[in-house]
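Below: one structure, written as structure tokens.
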Amino acid sequence: MSIDYQQKIPNNVDLASDKTLQRALEHWQPEFLEWWADMGPEGSHEYDCYLRTATSVDQAGWATFGYVKMPDYRWGIFLNPQEPDRRIGFGAHKGEPVWQDVPGEYRSNLRRIIVTQGDTEPASVEQQRHLGLTCPSMYDLRNLFQVNVEEGRHLWAMVYLLHRYFGRDGREEAEALLERRSGDADNPRILGAFNERTPDWLSFFMFTFFTDRDGKFQLSALTESAFDPLARTTRFMLTEEGHHMFVGRNGIRRIIERTADVMVRERTDAPDRLRALGVIDLPTVQRYLNFHSSVTADLFGADLSSNAATFYTTGLKGRYLENRIADDHVLQGATYPILNASSGDLVREDAPALNALNERLRDDFISDSVSGVEAWNTALQRRGIDFRFFVPHKGFNRRIGSLAGAKVSPQGKVLSESAWNARIRDWLPTAEDRAYVQSLMGRVVEPGKFANWIAPPSGGINGQPVDCEYVRFN
Ligand code: BYC
């Protein structure tokens, strides 16, 4: 069904035919806009931004581009079309038709998954709200805003499900999604990484590289869901998520290219000299990488989780690319290797595969991150620079799961407390690193100009030139 933009809330779910639901969502809409006014990108409300808006859910040409003030962005409800005769692909209900409604016995678990997913979306907008004030270029500013409006739309996607399928509880959860605040001591966001600060653009690019990649894997697992409306809405969200990871991947690559060019020109790899020249030395980039990679690894939950087993067995949440995995898709009696650090060494142990599903998704995420990071190394290799970036070992700096608190080096060696403390400054961003990176955060907004610490992109957005006026300040 095509998207109806004549409605107050654009949608392709025939919202007009359900007046009660429509009224409830139209009641939530001004609250969302109020939240956006308070917590959305600071000072941006009058800007005209060159943004894409979803106009259909077809593979080809789903987006149109044009100038829009962000508070006027047409946030709406877009589900991928229903697949005829779709069947449940895993768990105890494997082979049965998917559900168009929520089975009573799975209501609270489904609600919990949808709320957790929904909570991350406004959280990331809150985390990024000051970044526009220190953008390295107008091109990057526009990309930040695109990410922000789409995270807002992802919130709409989850709120629709809550309102449509969870009655009064759902409406209350939708209100609460606008009440929690990232980093708030009393009412924080649900998951750890979404309460961290994103104080500078190096953090922002790392966040979109790693944490949006968690989004890719979690959403992919939800596209497998037996609850068809969740599967269809997350499938469409994934198409938007691709751009967010592009922003991170290219943002970091451009930072690395800029530093590498200065290293070659000046024949130095000394961090102090490079900092004096106003670029970000590669070890600092690696420390930020270590931080964001490890905090994001925690987002997959505990390595052994009875919740994960229940979600799978009951058909609520599958594995990444479930239908490409050659096994019985039930997993009773199957095993999966996890790591145990209790003996003082990291020991691989076979655990029940059902309980280890979080670990499996984390492993899928890590291998995807590794290939992304390898692409950055190509930029160094091409310039004859020996330095190589790497994704730290999954036991490094963990706070969730059985490795929480184990002192594991980025290379995967278990350390004593004192050995860990002696090296931690080499592995995680120090206060000095953060202050240095912060000192670079000026605001560059002249079309086609870029801050000294980042290379321009190889092309503009939607075929526009790099020096396009992507944001008009009015
Ligand atoms: N921080 O049994 P466990 C995205 C809690 S990102 C704090 O392992 P489970 C995006 C856990 O809640 C994708 N608490 O839990 C990206 C549980 O609490 P209770 C977001 C944590 O349920 C960028 C307890 O610890 N989507 O879209 O198996 C920008 C025991 O843990 C954390 C989803 O995550 C943590 N990191 O797994 C914008 C999908 N981890 O019950 C957006 C939906 C665990 O003891 N969520 N806990 O009170 C899920 O599938 C699951 O909730 C999780 C947790 C995988 C997150």
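These numbers come from the heavy atoms of this one structure, side chains and all, not from hydrogens, waters or symmetry mates. Each ligand, and each atom within it, is numbered from 1 in the order the structure gives. What you see is a predicted model, and the numbers here were worked out from it, not measured in a lab.
- Residue contacts with ligand 1 include Ile190, since one of its heavy atoms falls under 4.0 Å from the ligand.
- Inside a 4.0 Å radius of atom 16 (C) of ligand 1 there is at least one protein heavy atom.
- In this structure the side chain of Gln128 never reaches within 4.5 angstrom of the side chain of Pro41, judged on heavy atoms.
- With respect to Arg254 and Glu257, no salt bridge is recorded, no charged nitrogen being found less than 4.0 Å from a carboxylate O.
- Of the protein's heavy atoms, Ser305 OG, 2.7 Å lies nearest to atom 28 (O) of ligand 1.
- Using cut-offs of 30° and 60° on the angle between ring planes, the pair Tyr47 and Phe145 is tilted.
- The ligand atoms of ligand 1 that sit less than 4.0 angstrom from a heavy atom of Leu299 are 36 (N), 55 (C), 56 (C).
- For atom 21 (C) of ligand 1, the choice among Leu357, Asp303, Ile400 with the nearest heavy atom turns out to be Ile400.
- For atom 48 (O) of ligand 1, no protein non-hydrogen atom is found at a distance below 4.0 Å.
- Under the salt bridge (charged side-chain N to carboxylate O under 4.0 Å, His left out) criterion, Asp426 pairs with Arg423, not counting sequence neighbours.
- Every pair passing ring pair (Phe, Tyr, Trp, His ring centres under 6.0 Å) that includes a residue from residues 86-123 is listed here, sequence neighbours excluded: Phe90-Tyr312, His93-Trp99, His93-Tyr106, Trp99-Tyr106.
- Taking atom 18 (O) of ligand 1 as the reference point, the nearest protein heavy-atom neighbour is Arg112 NH2, 3.9 Å.
- Inside a 4.0 Å radius of atom 36 (N) of ligand 1 there is at least one protein heavy atom.
- With respect to atom 52 (O) of ligand 1, the closest heavy atom belonging to the protein is Thr116 CG2, 3.8 Å.
- Using a 4.0 Å cut-off between charged nitrogen and carboxylate oxygen, Arg168 and Glu172 count as a salt-bridge pair.
- Shown here, atom 24 (C) of ligand 1 is out of close reach of the protein: none of its heavy atoms lies under 4.0 Å off.
- At a heavy-atom distance under 4.0 Å, only side-chain atoms of Phe194, from C-beta outward, approach ligand 1.
- For Phe207, the closest heavy-atom approach to ligand 1 falls below 4.0 Å.
- At least one protein heavy atom sits closer than 4.0 Å to atom 3 (P) of ligand 1.
- By the 4.0 Å N-to-carboxylate-O rule, Lys94 lies too far from Asp328 to be salt-bridged with it.
- Side-chain contact annotation: Ser203 with Asp200, donor-acceptor N/O pair under 3.5 Å present.
- The aromatic rings of Trp156 and Phe32 sit perpendicular, their planes meeting at an angle over 60°, well past the 30° parallel limit.
- For atom 26 (N) of ligand 1, the closest heavy atom belonging to the protein is Gln117 OE1, 2.6 Å.
- Counting only non-hydrogen atoms, the option in Gln218, Gln128, Gln127, His154 that gets closest to atom 39 (C) of ligand 1 is Gln218.
- Between Tyr139 and Phe450, the two ring planes are tilted [angle within 30° to 60°].
- Below 3.5 Å of separation, one finds an N or O of Lys317 facing an N or O of ligand 1.
- Atom 30 (C) of ligand 1 has its closest protein heavy atom at Asn307 ND2, 4.8 Å.
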